[in-house]
Amino acid sequence: MELISIKRHKQETIGDYKQISIVMLLVIALITVVTIAVMVGPVSIHPATFWKIIAYKIPILQEWIPVTWSKAEENIIWNIRFPRVILGVIVGAGLTIAGTTIQALVRNSLADPYILGVSSGASVGATLVIIFGAFSMFGQYALSLAAFLGSLLSVVLVFLLSQVGGRISTERLLLAGISVSMILSAFTSFIVISAPRQEGIRDALFWMMGSLAGANWKHIPIPFVITIIVFIFIWSQYRYMNLLLMGEEAAVTLGLNVEVFRKILILVTALLTGVLVAVSGAIGFIGLMIPHIVRLILGSDHKMLIPISALMGSAFLVMADLFARLIIAPEEMPIGIVTALCGAPFFIWLLRKSSYSFGGGS
């Protein structure tokens with residue numbers, strides 16, 4: 001027994017070192033990707049200049065940092081590129097957290113943050129603003145507000161349709177989400193083909209495929225706060241998330257009120273996804289693909305799956321946005337095209353990998 005205990009302790013220690021090493025590598029990778037994303041563009045920026053400007057913006061450090069850069073460089077970094085990169089970090093982390101949560105909730109490896117109809121609802125609101133100028137009284141916030149209200153409406157519909165006798169089953173949730181998504185997608189298509197001008201159609205399609213263009217500091221506080229709050233909450237519930245993977249009967253036997261917990265997860269995930277889609281459009285495959293990659297490396301324990309997925313999702317989206325800016329420069333490609341080009345081959349490979357099953361087991 002003592003030898004078994006020592007062996008188990010040794011395995012746990014090795015596992016802890018592996019997890020810490022992966023977290024450190026991902027943090028370094030994220031910092032590197034952020035630096036490259038800010039450096040690269042029509043005007044090249046030296047990495048030292050970038051970090052000096054960031055440090056200079058911290059009040060207590062200003063007097064210690066000599067100004068060796070131009071006003072143009074400061075404007076490019078602080079007002080254009082850095083807000084965009086920060087928004088990419090937030091959206092990447094948030095969509096991955098939502099995807100991880102939804103996959104545990106429905107115990108389906110093909111579930112993603114948009115399965116509740118959030119994307120389709122947001123697209124209806126966004127296209128109304130882009131094409132017909134709805135909610136114009138809200139100025140620059142019209143698009144984000146309309147997209148969020150549309151996503152909220154779709155979630156409410158899915159929530160109501162999936163309930164029978166006050167209970168929500170996984171099957172009804174999936175069917176309601178698919179049905180509402182199809183109806184709202186049809187409505188979005190009707191709005192697009194009814195556009196009075198050609199530019200409106202292009203703008204609407206561009207938004208529907210996701211973009212961080214136009215990001216500024218005003219767009220960041222709300223998604224940042226919501227993402228942090230949801231991350232802390234979801235991470236604190238990792239034990240219950242692990243129970244969900246064992247099945248409803250096992251979770252109930254072990255003391256989890258599955259119905260209440262499921263409703264909380266639906267509402268929290270929908271709120272997070274709705275806020276993110278409102279500022280970035282519908283960027284696919286991140287919440288679907290990244291959790292799978294992490295499961296293949298570390299398994300399905302949500303204690304590490306959630307934070308590591310968030311880090312990897314952030315780095316991946318920032319890099320995808322960089323490619324979207326560079327591939328057809330000076331024009332810009334929607335990020336959804338880049339993520340689809342990465343995500344689709346990954347899932348083809350995953351389907352061919354016969355040893356893989358949901359949760360990373362074999």
Least distance between heavy atoms, [X] atom then [Y] atom:
X	Y	result
His219	Ala215	ND1-CA, 3.7 Å
Leu276	Pro223	CD2-CB, 4.1 Å
Ala37	Leu322	CA-CD1, 4.1 Å
Ala55	Leu61	O-CB, 3.5 Å
Val277	Ala122	CG1-CB, 3.3 Å
Ser154	Leu184	CB-CD1, 3.4 Å

Atom pair [atom1]/[atom2] of [X] and [Y] - distance to nearest 0.5 Å:
X	Y	atom1	atom2	answer
Ile201	Ile131	CD1	CD1	6.5 Å
His292	Gln103	NE2	CD	4.5 Å
Ile53	Ile58	CD1	CD1	13.0 Å
Arg325	Ile335	CZ	CD1	9.5 Å
Lys52	Glu74	NZ	CD	13.5 Å
Leu25	Ile20	CG	CD1	12.0 Å

Is it true that atom [atom1] of [X] has more than 12 heavy atoms of other residues, nucleotides or ligands lying nearer than 6.0 Å?
X	atom1	result
Lys303	NZ	no
Trp349	CH2	yes
Ile297	CD1	yes
Trp235	CH2	no
Met137	CE	yes
Phe82	CZ	yes

If only atom types and distance count, is the side chain of [X] paired as donor or acceptor with the main-chain N or O of [Y] below 3.5 Å?
X	Y	value
Trp78	Ile54	no
Thr127	Val124	yes
Tyr56	Pro66	no
Ser151	Phe148	yes
Thr339	Gly284	yes
Ser236	Phe233	yes
Trp69	Phe50	no

Should [X] and [Y] count as side-chain neighbours, where that means a heavy-atom distance under 4.5 Å?
X	Y	answer
Val23	Met304	yes
Leu173	Val158	yes
Leu272	Phe231	no
Leu245	Met241	no
Val268	Ile229	no

Does anything in residues 297-328 form a ring-ring contact (aromatic ring centres under 6.0 Å, His included)? List the pairs, not counting sequence neighbours.
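Those involving residues 297-328 do not exist here.
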Which residue pairs satisfy the ring-ring contact (aromatic ring centres under 6.0 Å, His included) criterion with at least one member in residues 166-209, sequence neighbours excluded?
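Counting only pairs at least two positions apart or across chains, no ring-ring contact (aromatic ring centres under 6.0 Å, His included) contact touches residues 166-209.
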Going only through I, L, V, M, F, W and Y residues with side-chain contacts under 4.5 Å, is there a path from [X] to [Y]?
X	Y	answer
Leu30	Ile28	no
Ile348	Phe285	no
Ile183	Val192	no
Val260	Val155	yes
Ile80	Trp217	no

Just list the side-chain donor-acceptor pairs under 3.5 Å for residues 306-313, sequence neighbours left out, or say none.
unit_1, atom_1, unit_2, atom_2, d
Ser309, OG, Leu305, O, 2.6

Check against side-chain contact (heavy atoms from CB on, under 4.5 Å), Leu153 and Leu149
CA-CA 6 Å; Leu153 173 63; Leu149 291 176; over 6 Å; no
How far apart are the C-alpha atoms of Leu244 and Phe261, what are their side-chain angles, what is the distance that settles it, and do they pass the side-chain contact (heavy atoms from CB on, under 4.5 Å) test?
CA-CA 10 Å; Leu244 284 179; Phe261 189 57; 3.7 Å; yes
Show your working on side-chain contact (heavy atoms from CB on, under 4.5 Å) between Phe346 and Ile293 and close with a plain yes or no.
CA-CA 9 Å; Phe346 171 78; Ile293 295 174; 3.6 Å; yes
Checking side chain to side chain contact (heavy atoms under 4.5 Å, CB included) between Ser185 and each of Ser123, Ser120, Ser119, which is the one that passes?
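By the side chain to side chain contact (heavy atoms under 4.5 Å, CB included) criterion, Ser185 pairs with just one of Ser123, Ser120, Ser119: Ser120.
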Let's go through Asp112 and Ile102 carefully: what are the C-alpha distance in whole Å and the side-chain angles of both, what is the deciding distance for side-chain contact (heavy atoms from CB on, under 4.5 Å) to 0.1 Å, and is it a yes or a no?
CA-CA 6 Å; Asp112 75 346; Ile102 286 291; over 6 Å; no
Could you identify which residues cluster with Met182, counting Ile, Leu, Val, Met, Phe, Trp and Tyr as linked when any side-chain heavy atoms lie under 4.5 Å apart, either directly or through a chain of such contacts?
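Besides Met182, the hydrophobic cluster comprises Ile178, listed by chain and residue number.
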Apart from Leu160 itself, what residues make up its hydrophobic cluster when side-chain heavy atoms of I, L, V, M, F, W and Y under 4.5 Å apart count as a link, directly or indirectly?
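Direct or chained contacts put Leu160 with Val156.
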Donor-acceptor contacts, no H, no angles, side chain residues 84-97, under 3.5 Å, sequence neighbours left out:
unit_1, atom_1, unit_2, atom_2, d
Arg84, NE, Asp321, OD1, 3.3
Arg84, NE, Asp321, OD2, 2.8
Arg84, NH1, Glu332, OE1, 3.3
Arg84, NH2, Asp321, OD1, 2.8
Arg84, NH2, Glu332, OE1, 3.4
Arg84, NH2, Glu332, OE2, 2.6
Thr96, OG1, Gly92, O, 2.6

